[in-house]
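Indexing begins at 1, ligand by ligand and atom by atom, following the structure's order.
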Amino acid sequence: MSAPGGRLSTGRSADVAVIGGGLAGLCAAIAAAKHGLRVVVVRRGLGTTAMSSGGLDFPADLPRLYGAGVGGPGVSSAATSEAAGTLGDWLRAAGAELRGRPGEEMLLLDTAGDVRRTNLALVQHAAGSVERWSGQGGKLLLLGVAGYPSFRPEWVRRRVVAAGLLPAERVAAGRVTVPGLKDEGDLPAARLARALEVPDTAKAFASAVGRAAREAGASHVALPPVLGLEKASEVFRWVTEAVAAHAPVAVFELLSPPPSVPGQRLQDLLDRVAVAAGVEIASGRVTGAALEAAPEPAEGPENLASVTVESQGRNWTLSAREFILATGKYAAGGLDAGGLAVAEPVFGLAVFVPPPPGWPSAELPAGQRLVREMVYDRFAARHPVFEAGLAVDWGLRPLGGDGRTPRFANLRAAGSVLGGYNHFADGAGSGVAVVTGLEAGRLAAEAASASEKGEAPAGAGAATPETGAGAATPETGAVGREPA
Ligand SMILES: Cc1cc2nc3c(=O)[nH]c(=O)nc-3n(C[C@H](O)[C@H](O)[C@H](O)COP(=O)(O)OP(=O)(O)OC[C@H]3O[C@@H](n4cnc5c(N)ncnc54)[C@H](O)[C@@H]3O)c2cc1C
């Protein structure tokens, strides 16, 4: 962190500054902007939201995150449902339809032939839930696109049959071409998706799909997720309407492993909702922070004054009343596992990891304990490295190395930078990002408004670890690293 100093006068300012612009950061930013505040999101690029499959893993109850409140008694199923409803309303306003409910299982096939358990999805994916095509007496046609190698319909057909989802006579495979696109053998999904945003191209493609469905006698047609990016809702409508003119079939899109058009769509939809709500999105990497100058040594956590943003070789500062850290996990850069221990690179916050079962907490230094456990002890089970992350208090403020007190009074955290859950094993990635993002945005907005009026911000007290603290406290063997 850069040297403490007074409030910086150069650069930009906001009421709420959000670091990271994935699902969690954007939910936080939109929620804060809807309180009428000036919100700036700084992001260095796209994170894992843009790589996600198109299925939003959203349990009815959040897993228990590290710290007090969240995922414990603090988040009820009603609050989780409300958060999913808010997301659905926002996406609808941007022209997309979200289907499903938190906790209700939705089984969707992906382009690799794996069946994914998830909970929410846009309508073009939800229309293909496994029970829709496996239970009835119809026939599934898996249709690839000529020149697009990332979806091999024959291979997925074999997997569907091998998994017992359908008998061989009820699943067929074929290919269609996208008019105007030369079969170069390695067309990227995004290029196909953009080509299909031209209405005439989409309609000609849909006619070919409709003819193939009629010839195969199919009741359901599965396509790779290439039906548009920004105009995905329109393209899906054009295609389903044009196919219906040829054959009475249900068309749907498969989910996708990364790189993922469905993930890019979700990211793009949220970007549009954020911009419509008045959020400013700036490109850049936050590299450090300055503290607010205290008139006299004060008790309790310090206040952040500004963050330093590096963008295209230039540095600028962003000052704000409240800050939200939503920098994701390893793939996005929110956590760094490059050395022996896991680090949080922007603020040097304490990172907590699950204690190895039966190990005395003080036996090994943090880094060695983590590495030894990763490599030798639980490699094949729930991998502790995915549960590493920040612990927070009831106000979502990251705790210091003591595992009890917030490190900064005006910093909250949301999304996958938080620790205590494994988004692969717990099926909770999107749910945690949305619920904690909305909550961090609301709390930050309330605190920023209160500080403008000179009132004490709500929830300014210390953490209450006695009332439901998560698994990663020092007493239970957490590994806390004092901030650098
Ligand atoms: C490969 C992969 C696939 C996944 N698929 C799914 C799925 O299909 N369904 C599901 O529910 N969950 C999935 N997840 C879990 C996923 O991480 C969450 O669902 C959710 O999208 C995470 O959102 P987030 O906002 O916390 O992080 P991210 O979307 O990763 O966003 C982090 C943001 O922080 C920015 N950032 C990082 N460091 C800085 C910095 N120093 N300065 C400025 N900006 C910074 C990044 O550029 C990015 O904008 C997947 C995870 C991975 C790794």
Mode of [X] contact toward ligand 1 - side chain, backbone, both, neither (heavy atoms, under 4.0 Å):
{"X": "Arg43", "result": "both"}
{"X": "Thr48", "result": "both"}
{"X": "Thr118", "result": "neither"}
{"X": "Ala331", "result": "neither"}

Nearest-neighbour protein heavy atom for [atom], which is reported as residue plus atom name and distance:
{"atom": "atom 21 (O) of ligand 1", "answer": "Thr49 OG1, 2.9 Å"}
{"atom": "atom 44 (N) of ligand 1", "answer": "Arg44 N, 3.1 Å"}
{"atom": "atom 15 (C) of ligand 1", "answer": "His423 ND1, 3.5 Å"}
{"atom": "atom 39 (C) of ligand 1", "answer": "Thr327 CG2, 3.6 Å"}
{"atom": "atom 8 (O) of ligand 1", "answer": "Ser53 OG, 2.7 Å"}

N or O pair under 3.5 Å between Ala24 and ligand 1 =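 By distance alone, the answer is yes.
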Does the N or O separation between Gly54 and ligand 1 drop below 3.5 Å for any pair?
-> no
Who gets closest to [atom] by heavy atom: [options]?
{"atom": "atom 24 (P) of ligand 1", "options": "Ala332, Gly333, Ser416, Ala414", "result": "Ser416"}
{"atom": "atom 46 (C) of ligand 1", "options": "Ser52, Gly328, Gly45, Gly431", "result": "Gly45"}
{"atom": "atom 9 (N) of ligand 1", "options": "Gly429, Gly55, Ser430", "result": "Gly55"}

State plainly whether the residues [X] and [Y] are in salt-bridge range, i.e. N to O under 4.0 Å.
{"X": "Arg38", "Y": "Glu280", "result": "yes"}
{"X": "Arg237", "Y": "Glu234", "result": "no"}
{"X": "Arg407", "Y": "Glu302", "result": "yes"}
{"X": "Asp89", "Y": "Arg92", "result": "yes"}
{"X": "Glu154", "Y": "Arg158", "result": "no"}

Heavy atoms from other residues, nucleotides or ligands near CZ of Arg272 exceed 12 (cutoff 6.0 Å) |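 Count over threshold, so yes.
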Give a yes or no on whether the backbone of Ser283 and the side-chain of Ser311 come within a donor-acceptor separation of less than 3.5 Å.
-> yes
Contacting atoms of ligand 1, where contact means under 4.0 angstrom from a heavy atom of [X]:
{"X": "Ala326", "result": "32 (C), 33 (C), 34 (O)"}
{"X": "Val42", "result": "43 (C), 44 (N)"}
{"X": "Gly415", "result": "26 (O)"}

Heavy-atom gap Gly263 to ligand 1 smaller than 4.0 Å = no
